[in-house]
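Scroll down for the structure; my scribbles are underneath it.
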Amino acid sequence: MRGDAGYPVRVRFAKQGKVRFVSHRDVARAFERSLRIAQLPVAFTAGFAPRPKVSFGLALGVGHESRAEYLDVELRDPVDVPALPALLTDGMPEGLAVTGAAALAPRAPALQESVTAVAYELRLADLAPAVVDAAASAAADAANLTVATTRKGKPVVVDVAPSLRRVDVDAAGGVTVELSTRPRAARPGELLTALRTLAGVEPGEGEDRVLRTHQWIERDGARLEPLAADPAPSAPSGADARALEACV
Amino acid sequence: MSTLWPQIEPLLTKVEKPARYIGMESGSIQPDHRPDRVAWLLVYPDTYEIGLPNQGLQILYEILNERPDAVAERAYAPWIDLEALLRERRLPLFSLETHRPARAFDVLAFNLSAELVYTNLLNCLDLAGVAVRAEDRADDDPLVVVGGHCTYNPEPLADFVDAVVLGDGEEVVGEITAVLAGRGRRDRAAVLRDLAAVPGVYVPCLYDVEYDGPFLAGVRPRCADVPAQVDKRTVADLAEWPYPKHQLVPLVEVVHDRLNVEIFRGCTRGCRFCQAGMITRPVRERPADQVRTMVREGLRRSGYDEVALTSLSSADFSGIEGVVADLVRDQEGTGCVSLSLPSLRVDAFTVGIASEIQRVRRTGLTFAPEAGTWRMRQVINKLITEDDLYASVDAAYSQGWRRVKLYFMVGLPTETDEDTLGIAELARTVVAIGRRHTRGASATVSVGGFVPKPHTPFQWFGQNGVPELRRKVGLLRDALRKSGAQLRWHDPAATFVEGIASRGDRRIGRVIERVWRSGATFQEWSERFDLAPWLDAMDAEGLDPDWYVTRHRHREEVLPWSHISAGLHEDFLWDDWQAALAEHGLPDCRWTPCYDCGVCTDHALEHVVGSARPPAGGSQGTGQDLRAGGLVPVQFRELARAR
């Protein structure tokens, strides 16, 4: 279905500030409105109830921020891709900002299938940096890190250790983690719980903060930013270059 | 006054749907609070999802923020999870735009669209840190003002509110602002006296209620300069008020989540059960060109893919066919924008136009015959014949619709079991017609218990009690077994409580307060509703619920709202009540001679309509025979997708 007739485009966006409380689904709706406000020639699915051809990547938890969200949209006609970030941001609520766009190769694999690693910055409220550092070291060394959580409304126990690739703590107690999405993507909230369990400190009044900083597509030994992973062969090289500039 | 955001923000990780509390909608305004500006907090005392789309609140929000002497923000009732956290931390109700505490505003203005939110009004006041009883408020407390359809009987809320605004709010909010702008250090009593002088404003504490045993003897002003009767406000020309200009676009999915453009206000169809139709007279149409502009601009700005042309009976708009055709043409080739005409009428539109709009997604159509037999429909003045209905349904199914929704009431005046069972028979016939066209045809029958409303011809009627409504629902359930129609009904116990509040007098205030103190909020949410605290509270106050709900009123009785006027002559309402009992219909005065209900003649108003001719397909009261004209009446609600 992807890229069958149209012009697929991948955009990167940030979700920061108050708008972090908006759910993944409602962000999708805001994007659909923004696409209409920008009057872009979005392709629609055929059938009884046509839907715009927009597909989102990994969901971001309600309350979490991100500098690296992605979505793919299929257009019926070619558009000025480098102009898209400003055009789309204009129709978005404050805190949602499109920060890059790239024309995508037809039949590029979907974001959900191709993203293999995700990086986050975590900030644990009301914990001394030394305590956080000790918990992070323990987490890095642990063979398993089981966390009680819910999946699809049911209580389950998951082990986040298999997807934890690395964890670092800065002098201020800020945690940087990289999680693998394979075999199953651990959620940053689960990692926060694991760290708090190791530190022996229950969540208090303060809000633990989560910021997604990167998503990566790892393929044949290369580590690619999703905007650069599957460029359209015919795309003017300038467009991709500009998209990449904005990304780092 | 500083923002509460830093305290509220960490709580939002612990509650359901936190985006309800962040504001930031497209169309929202960050106001510049200044000492010389009257600060209004417009509160809808229900959840964000129910309250946000309210057009009245959005209209006043824009009008107030356009004024140099006012600012307005919004608040909605926090759901019980956030309320518990706020109370635990001693944090108050807050505004969405700047997250200011509610007490920092000069006015707390509540929209009241349904009786079951009354306990939420008290809860919001308490959460705001404002005394729930008006008499306990100090000079520097905000003024508590209410508006909306429920205020046509303000007495159950008289103990809790400082002022009540009747009718259209567009003009009067400015006049109230002017009174408060000069408030300065004046005491509360003086401000209230000034407000009572504003037409359309009722200040309950300036009126004494006298009783004669259980009956009312009168509600009379305490002093000579306070009006004995308060008249509603009416905006004469909707064209002067093209609001909302920037409809709010919520980030959370809400009810009626679409662009809504009000095409006219008021309705003279004369359905006798319908309070909205009685109290919003006369009919005032928006010019068709303005409707087109508002739709185009609104879609362009909001990014919505659905627009509804709203009113009490949208298909009655003069030249509706032309407007619809233009809007559909506008959207050709620009993607998927759907158009819907919410309305509760069966007979005022053609399937041809419905098909024009619903080219692709013909999933469901809604018809509201309201009653199961022709006799019953004559009583309520909703003169849809069975032939009208069946022809509409046949046309709908034949053109590809698969599901029909039918709305009915039970517990109407003079209703017999034959009338109730008529609903089932009608539904069975509808399903049979559908199956002639498509094997999967289905029908949903929604039944609500009738609640008599103030300022309607049925205001004297004794409502059916809970057992009687349950019995009637049971009759329907049995009669619809294996019929292919699904039955849905409104809880008769909730209908009973609506009856207490709908026609209650000032004594009901104590009941509402007791129920609120028992913790019963969000009563319109079935999972939160319980009849027991209401009956307990009535009992504790020594009040008989049946006296309020199921008792027929006499002509001579002083009704609790007799000092409030929607412009309708009491003689007109009584005569129409007698006509109902005699099963006589009354025509629509837009297209037939005036029968002097009182609204236009006494208030120098007139209908503003684009055409003196009834719309195509409009059978009721116009004497048109739909079958003869080849026009098939239909009413539809489901969204359409013009390709």
Side-chain angles (χ1 to χ4, degrees), chain A residues 15-54 61-65 75-77 87-88 90-96 123 125-126 189 192 203-210, chain B residues 5-28 30 49 85 88-89 96-97 99 248-254 257-259 299-306 331 333-338 359-363 400 402 638-643:
Chain A
K15 179 188 182 188
Q16 289 176 288
K18 288 181 188 175
V19 80
R20 73 183 182 278
F21 293 113
V22 177
S23 71
H24 186 67
R25 188 169 165 275
D26 287 332
V27 168
R29 290 168 0 98
F31 250 102
E32 288 180 14
R33 287 193 299 267
S34 171
L35 289 164
R36 285 191 292 266
I37 291 170
Q39 299 186 325
L40 291 171
V42 177
F44 278 77
T45 60
F48 198 55
R51 299 292 311 153
K53 287 192 179 178
V54 180
V62 173
H64 296 171
E65 293 178 293
L75 303 171
R76 295 191 309 270
D77 307 303
L87 192 62
L88 286 173
D90 214 35
M92 300 275 248
E94 187 189 331
L96 281 176
R123 197 158 288 278
D126 318 316
L192 281 171
E205 279 298 282
E207 178 193 356
D208 290 339
R209 298 291 289 259
V210 174
Chain B
W5 178 249
Q7 288 103 293
I8 292 163
E9 188 176 26
L11 305 184
L12 298 189
T13 60
K14 307 175 203 295
V15 300
E16 277 176 42
K17 300 189 188 172
R20 287 164 166 173
Y21 309 110
I22 64 173
M24 301 179 59
E25 305 90 344
S26 161
S28 68
Q30 284 293 314
E49 294 92 308
L85 293 171
E88 210 176 283
R89 288 158 179 77
L96 283 199
E97 285 78 1
H99 294 89
L248 294 164
V249 184
L251 295 172
V252 184
E253 194 165 5
V254 299
D257 205 347
R258 61 193 178 203
L259 181 69
L299 286 174
R300 191 183 51 72
R301 201 195 57 78
S302 68
Y304 269 127
D305 63 349
E306 186 188 353
Q331 302 308 328
T334 64
C336 286
V337 171
S338 59
R359 279 188 204 168
V360 182
R361 219 162 53 168
R362 291 186 181 169
T363 49
R402 297 141 176 268
E638 203 73 20
L639 31 140
R641 287 194 179 268
R643 188 170 45 84

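Since the structure is predicted, the reported quantities are computational estimates derived from the model, not experimental observations. Labels below follow one simple rule: chain letters A, B, ... track the order of the sequence lines, proteins then strands, and each chain is numbered from 1.
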Do you know which of R33(A), E94(A), E207(A) has the most heavy-atom pairs with chain B at a distance under 4.5 angstrom?
-> R33(A)
Using a cut-off of under 4.5 Å on heavy-atom pairs, state which of K14(B), E25(B), R89(B) scores highest against chain A.
-> R89(B)
Residue from L299(B), T13(B), L251(B) scoring the most non-hydrogen pairs under 4.5 Å with chain A is L251(B)
Part of V22(A) lying under 4.5 Å from any heavy atom of chain B = both
With only heavy atoms counted, which part of V27(A) is less than 4.5 Å from chain B, the side chain, the backbone, both or neither?
-> neither
Does a salt bridge link R25(A) with E253(B), judged by any charged N lying under 4.0 Å from a carboxylate O?
-> yes
Looking at residues at least two apart in the chain, or sitting in another chain, which of them share a side-chain contact (heavy atoms from CB on, under 4.5 Å) with I37(A)?
-> none
Mind checking what makes side-chain contact (heavy atoms from CB on, under 4.5 Å) contact with H64(A), not counting sequence neighbours?
-> L60(A), P188(A), V210(A)
Roughly how far, to the nearest 0.5 Å, is CZ of R36(A) from CZ of F31(A)?
-> 13.0 Å
Are any side-chain N or O atoms of R76(A) and backbone N or O atoms of V42(A), one a donor and one an acceptor, separated by less than 3.5 Å?
-> yes
